[in-house]
Number of protein chains: 2
Amino acid sequence: MSEKTVHATVDDVAALAGVSTATVSRCLNAPDRVVPATREKVMEAIRALNYSPNFGARALASRRTGIIGAVIPTLENAVFAHGIDAFERSLSPGKFALLVASCGYDPEREKQQIEALVARGADGLLLVGFDRDPAIYEWLAIRKVPYVLAWACGDSHPYAGFDNVAGMAAMVRMVLDLGHRNVAMISGLTQGNDRARGRLEGARDLLAGEGLAFRGVAEVPYGLESGARAFAELMADRSITAVICGNDVLAAGALRAAHRMGLRVPRDVTITGFDDIDIASITFPELTTVRVPHTRMGEQAAALLQQLIEGKRGESVLLPTEIVARGTHAPPTARRRFAKA
Amino acid sequence: MSEKTVHATVDDVAALAGVSTATVSRCLNAPDRVVPATREKVMEAIRALNYSPNFGARALASRRTGIIGAVIPTLENAVFAHGIDAFERSLSPGKFALLVASCGYDPEREKQQIEALVARGADGLLLVGFDRDPAIYEWLAIRKVPYVLAWACGDSHPYAGFDNVAGMAAMVRMVLDLGHRNVAMISGLTQGNDRARGRLEGARDLLAGEGLAFRGVAEVPYGLESGARAFAELMADRSITAVICGNDVLAAGALRAAHRMGLRVPRDVTITGFDDIDIASITFPELTTVRVPHTRMGEQAAALLQQLIEGKRGESVLLPTEIVARGTHAPPTARRRFAKA
DNA sequence: TGGCGTGATGTAAGCGCTTTCATTTAGGCG
DNA sequence: CGCCTAAATGAAAGCGCTTACATCACGCCA
């Protein structure tokens, strides 16, 4: 196609340094298997020729690319952006690089992306959640591609994540302890999303344990508006005194809707979030939520995956979640007044 | 190292289909150069063997990887997360994949990351801003690696971005038109960051054009707290009636600080942001800011870069910015009262 | 002093695919 | 009906690197 600048190759370097290509290769891949004097000669030749190894050739010969793939729903969700950022930063520099692909919460697309990343030579994969077609796991097993799951936990696969069920249960526990009995939930879409499902179930089960049930549940797409709308609809039931949200964005939307409806938070209604992303401390009042260690999770996931890729066995890591009590929760008040909806 | 499952190779497919490897290769890379009947045979063999081409071999032989690299400061900044998300989604699926690397606003690290991505065979690069060591541009030119710059504009390189200077100037214009004369600015760090610098200069120049100057300028790192602290310090000057912020996060921090200081926004002080990320519509009151079309920018950048990679010539795209007038601006009020700082 | 072990280096065989060039095949036209 | 052209296919030469194995040099111990 286009003529290329003549790049130096191993042969050029070997010739200039007066050694064999094998030695050059060793200098780059296992420096301690070469005597310092030789190594220095080679390095100098490399510098002189401005040599840099050809990626394809290296991948072909060594059967490794040093590329790690990650498939996430979307970077627009700060949760994933932060996790991926930390993950990338924790990859051994020079050794691994990160190929990201998004699937927009679509399982079919996720499958394609996984295949695409593996086809591109990914040495390992970071995936979100456990919930996917078993065929994918089998395929990865056959292809011997190591992977780590994040943002969730379980016992069937290696993971670095946290317990969505328990995290949400703890939050609902707190809300009940405040005295609330008429609770509603705004959940993210649970279809093909075990994180959202876990949170919903965690809340539901805890209520059930107290002989209670939700006064209302809305399952809506991710988004501020989405949360706002759901909140408005839910609050038609005037008995509701607390609204549990599946994530902070939904909660922020609900909060905004509450303002617009003339409801005072937390006096008139308690609203809780999940994730503790930036926006949770920007809302007014600041959001009571469940903190998830996204950054540490990303780091741990990177560490674990790199171990697996190098053939070592690594332990899954379960990170703790924690309730961050800020300004959107309070005991229920009997007296409630509505402005226009 | 580890024994691998025997993967089918071109030879296997060729043998099963009863054709040559050249034909198999053509079926995959230029289907129309093969007669339908043959193609069908080959495709069936591929399916039967569950064949998928070896990435390294392909890269080696074709001198292309289908990998595009992007180096951004950090995904923690929603601006980049959204842009990159859109960029990735706009890459021709199956044809290109995205390798991301972050550099944490460090020019030296950016350089390393660029080299790392090119070493990993990136066919093209997406970079943020124009401002970098000329040696890098030369190096890319020698290596014949096409690139597109984003989040800024200029005339020395291909880009898909917007005009930080003009965007900020427009905002300051509006603030002046409201009657403000005592204006301060909270800028992001301008060191090695032409976007921040452009915004600062855009504001400064516009003021100068009116014979005015800032009553105060704080240059601080990205972050909520950072903005809050800067705001508190700046407001020690009681004459200030408007604080222009270099981005929404800084503005949100300022806004929070204002609340805590007992200042009412916009009555007591006008605060403006830049970017129009999610948080801008979550603050209370909602933030008046400059909207930047991050998503469209990502898409355009992807389109442009793909063109360049395929050897076509592409035009840079300059996207318009737009003032989003929400709730944090108002004419200055003489009467101002402070609570505790 | 000589055999031998040890570590450094060289030799060369691929890795699996693309692509150039040659060859075959199928038509089209006189 | 045969020759010429163009399209389809095949043969084979790399692409640049890694790595198993061979070789070599050296120093140690007996």
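Remember, predicted model here, so these are calculated numbers, not experimental data. Chain naming here is simple, since letters A, B, ... match the order of the sequence lines and numbering starts at 1 in each. These values consider heavy atoms only, across backbone and side chains, with no hydrogens, waters or symmetry-generated copies.
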- Pairwise side-chain contact, B:Asn164 with B:Phe162, heavy-atom cut-off 4.5 Å (strictly under):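 Side-chain contact under 4.5 Å: yes.
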- Query: Does A:Trp139 reach the side chain of A:Val118, with side-chain heavy atoms less than 4.5 Å apart?
  - Reply: yes
- Task: Check whether the ring centres of B:Phe80 and B:Trp151 lie less than 6.0 Å apart, and answer yes or no.
- Result: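 That pair passes the under 6.0 Å test.
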- Which residues pass the salt bridge (charged side-chain N to carboxylate O under 4.0 Å, His left out) test with B:Asp131, sequence neighbours left out? B:Arg197
- Task: Could you pull out all residues at least two apart from B:Arg296 that satisfy salt bridge (charged side-chain N to carboxylate O under 4.0 Å, His left out)?
- Result: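 B:Arg296 satisfies salt bridge (charged side-chain N to carboxylate O under 4.0 Å, His left out) with no residue once adjacent residues are dropped.
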Could you give the side-chain donor-acceptor pairs of residues 21-32 of chain B under 3.5 Å, partners two or more places apart or in another chain?
residue : atom : partner : partner atom : Å
B:Thr23 : OG1  : B:Ser20 : OG           : 3.4
B:Ser25 : OG   : B:Asn29 : ND2          : 3.3
B:Asn29 : ND2  : B:Ser25 : O            : 3.0

- Item | Divergence of helical axes at both termini of the helix from C:dT1-D:dA30 to C:dG30-D:dC1 - five pairs an end, 10° steps | 40°
- Which parts of nucleotides 12-19 of chain D does protein reach within less than 4.0 Å, heavy atoms only, written one letter per nucleotide 5' to 3' as B for base, S for sugar-phosphate only and - for none? B-BBBBBB
- Item | With A:Gln300 via side-chain hydrogen bond (donor to acceptor under 3.5 Å, both in side chains) - residues at least two apart |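 Once residues adjacent in sequence are excluded, A:Gln300 has no partner under the side-chain hydrogen bond (donor to acceptor under 3.5 Å, both in side chains) criterion.
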